[in-house]
A.B. asks: 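The structure under discussion is supplied below as structure tokens; questions concerning it will follow.
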Amino acid sequence: IGNTATKYTPYKIGSSKWKNINIDTYTTIGIDENDHLYVWGCNNSGQVGNGNSINQYTPFKISDTRWKTIYQNNTTTMITDENDLLYVWGNNYRGQLGTGNATTQYTPFKISDTKWTTIAIDPTQSITFGIDYSGTLYGWGDNLNNYLGTTTANNYQYTPLKLNDTKWKSITVKNKAIFAITQEDYLYTWGSNNIGNLGNGNTTAVQYTPTKISNTKWKSILGNTEISYNLFLGSEIPEVTVTVNNEKLAFLKDIPITID
């Protein structure tokens, strides 16, 4: 609105018509009807992408590129354009932007010519995963405890690193606990596991490589960073009776169990 004054009634932002608005903590990102990207708000880590770290009080247009999908997490900003190319900027203290270093990025930086179907940023802002058009999974950022699921830990991974030859469909990351579904609908988990949240039958602090969770086939994953279990939507569990949005549920504690 051009200032930091509290507004007690609705306030119209310019004359633009908007297709998508994403708000994370104190920074707002919007895509207008022409697929142009605007960012405003807190800019302490360059997350606005305007070339500096000064707070932006009105919408700032990010070039004339046409944009498609917003992946935002606090001070880390990632967006795919109309061609599914990934651009990143903002906080990069553990290499989570994938730019090849750990330097704060104040303007959009393109991550190679890879085309992406999905990007997942951990709420801790320290790990990023992406699945490309071929179904290949890549990870980058904090790998001190092998959170990227590779065979060896290498401190920080500053560029996208291929996980393996498995073909993947989706991925969710919650406080360094990683849940990924293959194109055959099998669930694999790895990463932080101190409360048994990976569903692998134990509470070993860290699972270093992807572990398959039974032969159940899964549709999608729900997670919550504030509770000691995660919810998963199962596609082949006919005995489940609890539903959310008409989808059958299974609960995970230390191991997957069904709801009678």
A.B. asks: Mind checking the CD1-CG spacing from I70 to N22? Nearest 0.5 Å is all I need.
C.D. replies: 5.0 Å
A.B. asks: Do other residues, nucleotides or ligands put more than 12 heavy atoms under 6.0 Å from I54 CD1?
C.D. replies: no
A.B. asks: Considering non-hydrogen atoms only, spot the tightest contact between T159 and W140 and give its length.
C.D. replies: O-CB, 3.5 Å
A.B. asks: Do W40 and L37 land in one hydrophobic cluster if side-chain heavy atoms of ILVMFWY residues count as linked below 4.5 Å?
C.D. replies: no
A.B. asks: side-chain contact (heavy atoms from CB on, under 4.5 Å) for T75 and Y26? Distances and angles first, verdict last.
C.D. replies: CA-CA 9 Å; T75 57; Y26 302 110; over 6 Å; no
A.B. asks: Which value, rounded to the nearest 0.5 Å, describes the distance between N175 atom CG and I195 atom CD1?
C.D. replies: 9.0 Å
A.B. asks: Side chains of N92 and T99: is there a donor and an acceptor less than 3.5 Å apart?
C.D. replies: yes
A.B. asks: Atom CE in M78, atom CD1 in I121: separation rounded to 0.5 Å?
C.D. replies: 4.5 Å
A.B. asks: Spell out, yes or no, whether I29 and V88 are grouped together once hydrophobic residues are joined by side-chain heavy atoms under 4.5 Å, including indirect joins.
C.D. replies: no
A.B. asks: Take atom CD in E184; do more than 12 heavy atoms of anything else shown fall under 6.0 Å from it?
C.D. replies: no
A.B. asks: Any side-chain heavy atom of T216 within less than 4.5 Å of one from L187?
C.D. replies: no
A.B. asks: What's the shortest heavy-atom distance between N52 and Y106, and which atoms?
C.D. replies: O-CD2, 3.5 Å
A.B. asks: Regarding N155 and N143, is there a side-chain donor-to-acceptor distance under 3.5 Å anywhere?
C.D. replies: no
A.B. asks: Would you say I79 and D81 make side-chain contact, with heavy atoms under 4.5 Å?
C.D. replies: no
A.B. asks: Is it the case that one hydrophobic cluster holds both L86 and I171, taking links as side-chain heavy atoms less than 4.5 Å apart, direct or via other members?
C.D. replies: no
A.B. asks: Can you check salt bridge (charged side-chain N to carboxylate O under 4.0 Å, His left out) on K169 and D185, steps first, answer last?
C.D. replies: CA-CA 8 Å; K169 183 166 64 174; D185 297 323; 2.2 Å; yes
A.B. asks: Could you go through T182 and K167, starting from their C-alpha distance and side-chain angles, then the distance that decides it, and tell me whether this counts as side-chain contact (heavy atoms from CB on, under 4.5 Å)?
C.D. replies: CA-CA 6 Å; T182 70; K167 298 300 181 183; over 6 Å; no
A.B. asks: Cut-off 3.5 Å, side chains only: do D84 and Y133 have a donor facing an acceptor?
C.D. replies: yes
A.B. asks: Can you confirm whether T25 sits close enough to C42 that some side-chain heavy atom of one is under 4.5 Å from a side-chain heavy atom of the other?
C.D. replies: no
A.B. asks: Within this structure, what is the OG1-CD1 distance for the pair T80 and I111, rounded to the nearest 0.5 Å?
C.D. replies: 12.5 Å
A.B. asks: Would you find more than 12 non-hydrogen atoms of other residues, nucleotides or ligands less than 6.0 Å from D165 atom CG?
C.D. replies: no
A.B. asks: If I compare all heavy atoms of S126 with all of R94, which pair ends up nearest, and what's the gap?
C.D. replies: CB-CD, 3.9 Å
A.B. asks: Run through Y138, F129, Y87 and flag the one making a ring pair (Phe, Tyr, Trp, His ring centres under 6.0 Å) with W116.
C.D. replies: Y138
A.B. asks: Measure the spacing between CD1 of I178 and OG1 of T211 and express it to the nearest 0.5 Å.
C.D. replies: 11.0 Å
A.B. asks: Look at the side-chain heavy atoms of Ile, Leu, Val, Met, Phe, Trp and Tyr, link any pair under 4.5 Å apart, and say whether V206 and L161 land in one connected group.
C.D. replies: no
A.B. asks: May I ask whether F109 and Y71 are part of the same hydrophobic cluster, defined by side-chain heavy atoms of I, L, V, M, F, W, Y residues being less than 4.5 angstrom apart, directly or through others?
C.D. replies: yes
A.B. asks: A5 and N3: which non-hydrogen atoms are nearest, and at how many Å?
C.D. replies: N-OD1, 3.0 Å
A.B. asks: With side-chain contact (heavy atoms from CB on, under 4.5 Å) as the criterion, how do W168 and I131 come out once you've worked through the C-alpha distance, each side chain's angles and the decisive distance to 0.1 Å?
C.D. replies: CA-CA 7 Å; W168 303 88; I131 299 174; 4.0 Å; yes
A.B. asks: Any heavy-atom pair between the side chains of T114 and P160 that's under 4.5 Å?
C.D. replies: no
A.B. asks: If only side-chain N and O atoms count, and only distance matters, is there a donor-acceptor pair under 3.5 Å linking N193 with N200?
C.D. replies: yes
A.B. asks: How close do D32 and Y38 get, counting heavy atoms only, and between which atoms?
C.D. replies: OD2-CE1, 3.4 Å
A.B. asks: Would you say that Q72 contacts T27 through its side chain, given a criterion of any heavy-atom pair below 4.5 Å between the two side chains?
C.D. replies: yes
A.B. asks: Which heavy-atom pair separates Q105 from L97 by the least distance, and what is that distance?
C.D. replies: CB-CD1, 3.6 Å
A.B. asks: Tell me, with the steps shown, if K68 and D35 meet salt bridge (charged side-chain N to carboxylate O under 4.0 Å, His left out).
C.D. replies: CA-CA 7 Å; K68 186 175 181 180; D35 295 324; over 6 Å; no
A.B. asks: Does a side chain donor of either N91 or Y93 reach within less than 3.5 Å of an acceptor in the other side chain?
C.D. replies: no
A.B. asks: Evaluate S53 against N44 for side-chain contact (heavy atoms from CB on, under 4.5 Å), listing each step before the verdict.
C.D. replies: CA-CA 5 Å; S53 58; N44 60 318; 5.9 Å; no
A.B. asks: With rounding to the nearest 0.5 angstrom, report the OG1 to CD distance, T28 to Q47.
C.D. replies: 10.5 Å
A.B. asks: Using only heavy-atom distances, determine whether the side chains of N43 and N50 contain a donor-acceptor pair under 3.5 Å.
C.D. replies: yes
A.B. asks: Ion pair present between K176 and D142, side-chain N to carboxylate O less than 4.0 angstrom?
C.D. replies: yes
